[in-house]
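Encoded as structure tokens, the structure appears first; notes follow it.
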Amino acid sequence: MNNYFEFFLKKMREKYLKKRKESNPNKPIATWIQDDIFLDKSVGKSLTIILRTVGCRWAYQSGGCTMCSYLMESSPSPISTENLKRQFDYAIEKVKDLDEFSVKIFTSGSFLDEFEVPEEAREYIFEKLGELEEEGKLKEIAIESRPEFITEENLKNIRGYIKNINVEIGVGIETFNEEIRNIAIHKGVKTEDIINAINTTKKYNVGIKAYLLIKPLFITEKDAILDAINSGNRAFEIGCSRVSFCPATVHKGTLMEYFWSKNQYRPPFLWSIVEILKNVKSKNQDRIVMCDTSGIPTKRGAHNKLNCECNYKIKNAIEKFTLTQDIDVLDIECKCKKYWESFIEMEERNIVPLGDVNLSFE
Ligand code: SF4
Ligand SMILES: [Zn+2]
């Protein structure tokens, strides 16, 4: 199956990549400051930098993951070490007047992959961050990487510059169900590789933030809930430093969009997300459970009945929950909850996952 599947994914990816545009190689894709929760549960400012690189190696090689369109934001032309240094310098200027902050550096791929960020650029960035640590301004740093690049050598290198503060690596674990991860999501990552990466980071006192996808393709709403709860609990059991749930959003040029446009996929209900967060947080009360809210509540993102007034209420509640870790803020009621319950019941009797019944019958 995988060969045909990969062939299809690659062709689809290639078709969309033709639409990719050139942008300034010296400017990051995006950079912003926001309120954030640190590992010690205090709240402060964080600077997020999304570096512009050539993009994820896995997406080029294999067509990539079935819900991911990050490659579209990457650069069609090579990005040099010099370009990356300038991107970082441009972004770090934004925090020059802050006394305390954290820095999150993402690439929409793997920061630790040489293919995206050459060693010299990476060391330049860590050196500058090390200086900010010495000045007492840097609270913690976060990067993202696939597990195969989380090696002893890379971690030793990081800890050579960033001596004491929390360092966290966000890893797209997506789920602890290997079949879902490698068939439905097409991640190409074994659970064994994830466990090895976690064990390696522990030696260097580096944390792993588990990104878990809520509702991949090809599974029902009910299975998506069970899978996310199980994965959240398992992530903490095996030593992840925090869990960040990512409710699926239908991005352009992905296999997810292909099925969504045929009404064979529906992004998760917000009720499902609330159930997942309550469940995982109550079982792991001293741990940080977060949830991304981008895409909520559009028809391509997680939503309850479209246009129901509870959509924004729940979105705000999820954002509040991420910052405060207070489970009570998720206690919201709305009459459309019955609709969600009956959707799940009906889908369980069906033979394929349901699309957005909202769209077809409303
Ligand atoms: S989800 Fe991550 S690993 Fe998968 S294609 Fe996108 S950037 Fe690459
Ligand atoms: Zn509602």
Taking every non-hydrogen atom, the tightest pair across Ile288 and Phe38: CD1-O, 3.3 Å
Heavy-atom donor-acceptor pair, Asp227 side chain to Ala224 backbone, under 3.5 Å: no
Separation of Leu84 CG from Arg52 CZ (nearest 0.5 Å): 11.0 Å
Which atom of Ile162 lies closest to which atom of Phe126, heavy atoms considered: CD1-O, 3.7 Å
Chi angles and distances behind the salt bridge (Lys or Arg N to Asp or Glu O under 4.0 Å) call for Lys139, Asp40: CA-CA 10 Å; Lys139 179 93 179 156; Asp40 62 8; 2.8 Å; yes
Ion pair check, Lys337 and Glu333, cut-off under 4.0 Å: yes
Charged N-O contact under 4.0 Å between Lys209 and Glu140: no
Side chain Arg287, main chain Cys240, donor-acceptor under 3.5 Å: yes
Inter-residue atom distance Leu138.CG - Asn164.CG, 0.5 Å rounding: 11.5 Å
Over 12 non-hydrogen atoms of neighbours within 6.0 angstrom of CD in Glu179: no
Backbone of Ile225 reached by a side-chain donor or acceptor of Glu275 within 3.5 Å: no
Under 3.5 Å side-chain donor-acceptor pair for Thr81 and Glu120: no
Crowding at CD, Glu348 (>12 non-hydrogen neighbours, <6.0 Å): yes
NZ/Lys222: more than 12 non-hydrogen atoms of other groups inside 6.0 Å: no
Residue of the set Arg181, Lys187, Lys215 for which salt bridge (Lys or Arg N to Asp or Glu O under 4.0 Å) holds with Glu174: Lys187
Aromatic ring pairing Phe218/Phe5, orientation class (parallel under 30°, perpendicular over 60°, tilted between): tilted
Ring geometry between Tyr258 and Phe8 (parallel below 30°, tilted from 30 to 60°, perpendicular above 60°): perpendicular
Polar contact flag, side-chain donor to acceptor under 3.5 angstrom, Thr175-Asn177: no
Atom of Leu112, atom of Ser145 and distance for their closest heavy-atom approach: CB-OG, 3.7 Å
Basic-acidic side-chain contact under 4.0 Å: Arg300, Glu257: yes
Asn304 (side chain) donor-acceptor with Leu270 (main chain) under 3.5 angstrom: yes
Polar contact flag, side-chain donor to acceptor under 3.5 angstrom, Asn154-Tyr204: no
Arg122 vs Glu114, salt bridge (Lys or Arg N to Asp or Glu O under 4.0 Å): CA-CA, chis, key distance, verdict: CA-CA 9 Å; Arg122 206 193 311 152; Glu114 275 275 302; 3.7 Å; yes
Closest contact, heavy atoms only, Glu148 versus Val189: OE1-CG2, 4.5 Å
Approximate separation, where rounding is to 0.5 Å, of Trp340 CH2 and Cys310 SG: 11.5 Å
Carboxylate-amine/guanidinium proximity below 4.0 Å for Glu14 and Lys11: yes
Contact summary for Gln87 and Ile79, nearest pair of heavy atoms: NE2-CG2, 4.1 Å
Interatomic distance, Gln285 atom CD to Gln325 atom CD [nearest 0.5 angstrom]: 11.0 Å
Atom pair CG (Asn24) and OG (Ser75), whose distance is rounded to the nearest 0.5 Å: 10.0 Å
Enclosure of Glu135 CD (heavy-atom neighbours >12, cutoff 6.0 Å): yes
Minimum side-chain heavy-atom gap Thr66-Met256 below 4.5 Å: no
Student check: side-chain heavy atoms of Ile185 and Ile180 closer than 4.5 Å: yes
Any donor-acceptor N or O pair under 3.5 Å, side chains Asn199, Lys203: no
Closest contact, heavy atoms only, Leu47 versus Thr31: CD1-OG1, 3.5 Å
Pairing residues for Lys45 by the side chain to side chain donor-acceptor pair (under 3.5 Å) criterion, not counting sequence neighbours: Asp35
Short side-chain to backbone donor-acceptor contact, His186 and Gly64, under 3.5 Å: yes
Leu17 side, atom CG; Ser69 side, atom OG - distance, nearest 0.5 Å: 10.5 Å
Pairs involving residues 312-324, ordered by first then second residue, that meet side chain to side chain donor-acceptor pair (under 3.5 Å) (sequence neighbours left out): Thr293-Glu319
